[in-house]
Novice: 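One structure coming up, written as structure tokens, with questions to follow.
It should be emphasised that the depicted structure is a prediction, and the values quoted were computed from it without experimental measurement. When a ligand or atom number is given, it counts from 1 through the structure's own listing order.
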Amino acid sequence: MSVAADLFFPRLADPDDGEAIALGERRLSYRELAAAAAAVGDALAAAERVAVWATTDLETCAAIVGSLAAGRTVVPINPSAGVRELEHIVADSRPDLLLARADAEVAEALRDLPRLDVRLEGAGAGDAGLPDLLADEDTAIILYTSGTTGLPKGVMIPRRAIVSNLDALAEIWSWTGADRLAHALPLFHVHGLVLGVLGPLRRGGRLELVKPFSPESIGQALSRGATMVFGVPTMYHRIARAAEADPALAASFASARLLVSGSAALPAIEHRRIEELTGQRIVERYGMTETLMNVGIRSSEERAPGYIGRPLPGVELRLLDDDGNPIEVADDETIGEIAIRGPNLFTGYLNRPDATEQAFRDGWFLTGDLATRRADGYVRIVGRRSVDLIKSGGYKIGAGEIEGALLEHPAVAEVAVAGLEDPDLGERIVAWVVPSPDEEVSADELVAHVATLLSAHKRPREIHFVDALPRNAMGKVMKNALKSGVAA
Ligand code: MLC
Ligand code: AMP
């Protein structure tokens, strides 16, 4: 291959018949993917910002790769998003076009957008290779992420962040075109899209998409030759449970070159269970929509349970004390907020200069995550600044968004939402509801109500009806008191 290494997808610029992506019985070679993606690019006409209905499909990959290669900005859409989220994303990001698999039935809230059906058939031979029209600071992707309050914010991720971050991960994991990645992550977040789809394609390797997630389906991908797995801790919890009962499944995981976990804390106990069952020590890495990956265990270094490793090449990390000053000691005890600087950072929140300004101090991005640091630089995450951010199944969920949705129901007078520790999901969403006088409502009705407004994963798993919410002297709900009341 005679292509420049600084292209976004070198192997798509000079494509061959090697396999790029597989999903079930369907396969796309680099040549076919280049052709399908080029056809998408040609059909975009004047559209500059495109929404992509991000089902787990080959068409979604072709739509995203084709749009990026043509120099456009992609807004991936969660197909299970609720009406409030969709209305907000459309109003905020104002896409010129919606790209969807030809047979996909998209949500009502998107039907007014001009639509381009994405088809893999009839795209031509693809010998010409894919263009590479995005500049370094151009926004490649806008991903919506929940905050503590209000509606999700659009994180503008430039090409520079993606390319530098994927190359840093390749360096620490010796990730090459010889690897074949299996993952069952959704394609509308950083983990499944940037790392999981763009990563293998940038390396010129193979990607096997697995749908839906199950320990067995990932195990089968490994038996077919996958070398790496990307997953969230909930997946590894379920893999360990299944492998305990099925030695053949455990053996398929033993064959992997690298099992990687991220998006939420991997409990040390899960790390050890997987090791006992498969002989594999999971490699953990820590990231965020705004920063892509910051810290990770090198595949050649110690894989210590509970630690996320050292900053990635090119990424700077500081721990800040409560006054915002850097903590110099590295004693694995002193806790500070993680602040990040580097080429991996986003450029800002779309239409939210106020939020962008608040997120930075002196050029450092404030993550809200709390951690300690060991003398050798290994970082250990111990918690999060805000009780209003929940991580459930690896999804970030703002308590305020769910509270807002529940308050739209006439039977809800007051509400508080928080995450309770959960062995499977990490945290599960719990709502405490003060019913309106003379109104009758069941927990199931309220869960269904949230499901119409917001994504499926934002539904509360538990609802407690209470007479009043505990409040401090300022009138603020004391969520920790509610949490310890249930935990007790
Ligand atoms: C869920 N269900 C409910 C419910 N919640 N039913 C009633 N009430 C509720 N509150 C339903 C589900 O829809 C599903 O139904 C069934 O219950 C089983 O749910 P489950 O077993 O819990 O599975 P589910 O939650 O659907 O999936 C687990 C998971 C998923 C791990 C596969 O959470 C997942 O894909 N997580 C990945 C998130 C991710 O990619 N995060 C990355 C963010 S980027 P049915 O009918 O559908 O079976 C980032 C940066 C970084 O964080 O560092 O990476
Ligand atoms: P998101 O905004 O959805 O990208 O979620 C980012 C958040 O996920 C981070 O701020 C962390 O709280 C959490 N996170 C990601 N990776 C890890 C990890 N390895 N350990 C602990 N928390 C993590």
Novice: With heavy atoms under 4.0 Å as the rule, classify the contact between K396 and ligand 1 as side chain, backbone, both or neither.
Specialist: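 The answer is neither.
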
Novice: Could you tell me whether D136 and R159 make a salt bridge, using a distance below 4.0 angstrom between a side-chain N and a carboxylate O?
Specialist: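 Looking at R159 together with D136, the answer is yes, because their closest N to O distance falls below 4.0 Å.
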
Novice: Which option, M235, R238, H457, owns the non-hydrogen atom nearest atom 27 (O) of ligand 1?
Specialist: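 That would be R238.
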
Novice: Below 4.0 Å, non-hydrogen atoms only: which portion of E462 touches ligand 1? Side chain, backbone, both or neither.
Specialist: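 It is neither; nothing of E462 touches ligand 1.
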
Novice: Is R310 close enough and on-axis enough to Y378, meaning under 6.0 Å and within 45°, for cation-pi?
Specialist: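 Here R310 fails the 6.0 Å and 45° test against Y378.
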
Novice: Hey, are D388 and K479 close enough for a salt bridge, meaning a charged N less than 4.0 Å from a carboxylate O?
Specialist: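 Answer for the salt bridge query: yes.
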
Novice: Which residue supplies the protein heavy atom nearest to atom 37 (C) of ligand 1, what is that atom called, and how far is it?
Specialist: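 It is G393 O, 3.3 Å.
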
Novice: Ignoring hydrogens and geometry beyond distance, is a side-chain donor-acceptor pair present between S442 and D444 at under 3.5 Å?
Specialist: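 Per modelled atom types, S442 and D444 side chains form no pair under 3.5 Å.
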
Novice: In ligand 1, which numbered atoms sit nearer than 4.0 Å to a non-hydrogen atom of V447?
Specialist: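 Checking each atom against V447, I get 8 (N).
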
Novice: Report the nearest protein non-hydrogen atom to atom 17 (O) of ligand 1: residue, atom name, distance rounded to 0.1 Å.
Specialist: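 Heavy-atom neighbour on the protein nearest atom 17 (O) of ligand 1: R461 NH1, 4.5 Å.
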
Novice: How far is atom 14 (C) of ligand 1 from the closest protein heavy atom, and which atom is that?
Specialist: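 Sorting protein heavy atoms by distance from atom 14 (C) of ligand 1 puts R459 NH2, 4.9 Å first.
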
Novice: Report the part of M293 (side chain from C-beta onward, or backbone N, CA, C, O) that has a heavy atom under 4.0 Å from ligand 1; answer both or neither where that applies.
Specialist: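 Side chain only; the backbone of M293 stays clear of ligand 1.
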
Novice: Under a 4.0 Å heavy-atom cut-off, which residues neighbour ligand 2?
Specialist: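 The answer is T145, S263, A264, A265, E284, R285, Y286, G287, M288, T289, I308, D369, I381, R384, K391, K396, counting any residue whose heavy atom sits under 4.0 Å from ligand 2.
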
Novice: Short list, please: which atoms of ligand 1 are under 4.0 Å from a heavy atom of P186?
Specialist: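 Listed by number with element, the hits are 35 (O), 37 (C), 40 (O).
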
Novice: Does any N or O of ligand 1 fall below 3.5 Å from an N or O anywhere on T289, backbone included?
Specialist: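 N/O-N/O distance under 3.5 Å: no.
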
Novice: With a 6.0 Å cut-off on ring centres, are F360 and F346 close enough?
Specialist: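 Yes, the ring of F360 comes within the 6.0 Å limit of the ring of F346, centre to centre.
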
Novice: Students should be able to answer this: which protein heavy-atom is nearest to atom 39 (C) of ligand 1, and at what distance?
Specialist: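 Residue, atom and distance for the closest contact: G394 O, 3.9 Å.
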
Novice: Do E462 and K483 meet the salt-bridge criterion of a basic N to acidic O distance under 4.0 Å?
Specialist: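 Between E462 and K483 there is no salt bridge, as every charged N stays at least 4.0 Å from the carboxylate O atoms.
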
Novice: Determine whether the side chain, the backbone, both or neither of P460 has a heavy atom under 4.0 Å from any heavy atom of ligand 1.
Specialist: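 Looking at P460 and ligand 1, just backbone atoms fall under 4.0 Å.
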
Novice: Tell me: protein heavy atom nearest atom 49 (C) of ligand 1, and distance?
Specialist: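 For atom 49 (C) of ligand 1, the nearest protein heavy atom is S263 OG, 3.6 Å.
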
Novice: Just by modelled atom types, is the R281 backbone N or O under 3.5 Å from a matching donor or acceptor in the R303 side chain?
Specialist: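 Yes, R303 side chain to R281 backbone: donor-acceptor pair under 3.5 Å.
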
